[in-house]
Amino acid sequence: MSVYIPVELQRQIRSRFINCCAYCRTAEVLIATTFEIEHIVPRSAGGQSVFENLCLACPSCNRYKANRQKAIDPLSGEEVLLFHPQDQSWNEHFAWDENATEIIGITAIGRATILALKMNRSQLVAVRQIWVQLGEHPPSIT
């Protein structure tokens with residue numbers, strides 16, 4: 001069941017994430033779909049519909065994340081919390097490879113999130129190559 005998010009709160013979330021997915025950093029303008037307001041801590045786990053618990057997510061990242069809050073770090077094999085886009089800095093957990101087409105996890109949280117959300121799925125890497133050639137990627141978000 002979806003929950004109503006006030007229009008002004010949606011605007012604030014879109015502004016905070018510069019109309020890019022908080023996870024994979026895809027720019028909404030580059031794909032033919034509307035991004036979704038995502039509950040970082042799922043409502044099913046007590047997450048509230050407040051600014052601090054919401055982010056903008058592409059439909060793919062949102063579906064892969066679903067109601068998960070944890071995933072396995074492929075390097076250590078340990079279960080860790082997924083990346084929290086409001087509380088954590090993307091640049092502390094992720095980096096772009098030299099071609100800006102694949103996301104590299106630089107922490108356990110980053111690696112687990114990349115794997116769980118399939119942030120480097122082949123189709124997305126292929127389209128990122130095109131976006132890089134067009135000068136549209138990676139987005140400059142701090």
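These values consider heavy atoms only, across backbone and side chains, with no hydrogens, waters or symmetry-generated copies.
- Residue Glu8 places its CD atom among more than 12 non-hydrogen atoms of other residues, nucleotides or ligands, all under 6.0 Å distant.
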Residues Thr107, Glu92; criterion side chain to side chain contact (heavy atoms under 4.5 Å, CB included); working and verdict: CA-CA 8 Å; Thr107 65; Glu92 289 179 17; 5.8 Å; no

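- The backbone N or O of Phe35 lies less than 3.5 Å from a partner atom in the side chain of Glu28, making a donor-acceptor pair.
- Expressed to the nearest 0.5 Å, how far CG of Asn53 lies from CD of Glu38 amounts to 8.0 Å.
- Closest of all the heavy-atom pairs between Ala112 and Val80 is CB-CG2, 3.5 Å.
- Considering only heavy atoms from C-beta on, Met119 stays 4.5 Å or farther from Ser60 through its side chain.
- Distance NE2/His84 to CD1/Ile40: 4.5 Å, rounded to 0.5 Å.
- Hydrophobic clustering, with ILVMFWY side chains joined whenever heavy atoms are under 4.5 angstrom apart, keeps Leu82 apart from Leu115.
- Looking at Arg25 and Pro138, their side chains never come closer than 4.5 Å, going by heavy atoms from C-beta outward.
- Using a 4.5 Å cut-off on side-chain heavy atoms (C-beta onward), Phe94 and Thr113 make contact.
- Judged purely by distance below 3.5 Å, without hydrogens or angles, the side chains of Gln86 and Arg16 pair a donor atom with an acceptor atom.
- Minimum heavy-atom separation, Ile5 to Gln10: O-NE2, 2.6 Å.
- Using a 30° and 60° split on the angle between ring planes, Phe83 and Tyr23 fall in the perpendicular class, above 60°.
- Taking the charged nitrogens against the carboxylate oxygens, Arg128 and Glu102 have no contact shorter than 4.0 Å, which rules out a salt bridge.
- For Asn67, there are no side-chain hydrogen bond (donor to acceptor under 3.5 Å, both in side chains) partners two or more places apart in sequence or in a different chain.
- Checking side-chain atoms of Glu36 against main-chain N and O of Leu56 turns up no donor-acceptor pair under 3.5 Å.
- Put simply, CG on Asn62 and SG on Cys55 are 7.5 Å apart, with the number rounded to the nearest 0.5 Å.
- Residue Val132 comes nearest to Asn99 through the heavy atom pair CG2-O, 3.7 Å, listed as atom of the first residue, atom of the second, then distance.
- Between Trp131 and His137, the ring planes are tilted. Angles from 30° to 60° get that label.
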Intermediate values then yes/no, side-chain hydrogen bond (donor to acceptor under 3.5 Å, both in side chains), Arg111 and Ser76: CA-CA 10 Å; Arg111 292 185 298 269; Ser76 70; 5.6 Å; no

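- Residues Ile31 and Thr26 are in side-chain contact: their nearest non-hydrogen atoms beyond the backbone lie under 4.5 Å apart.
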Criterion side chain to side chain contact (heavy atoms under 4.5 Å, CB included) on Trp96 and Ile103, from CA distance to verdict: CA-CA 5 Å; Trp96 292 106; Ile103 302 171; 3.3 Å; yes

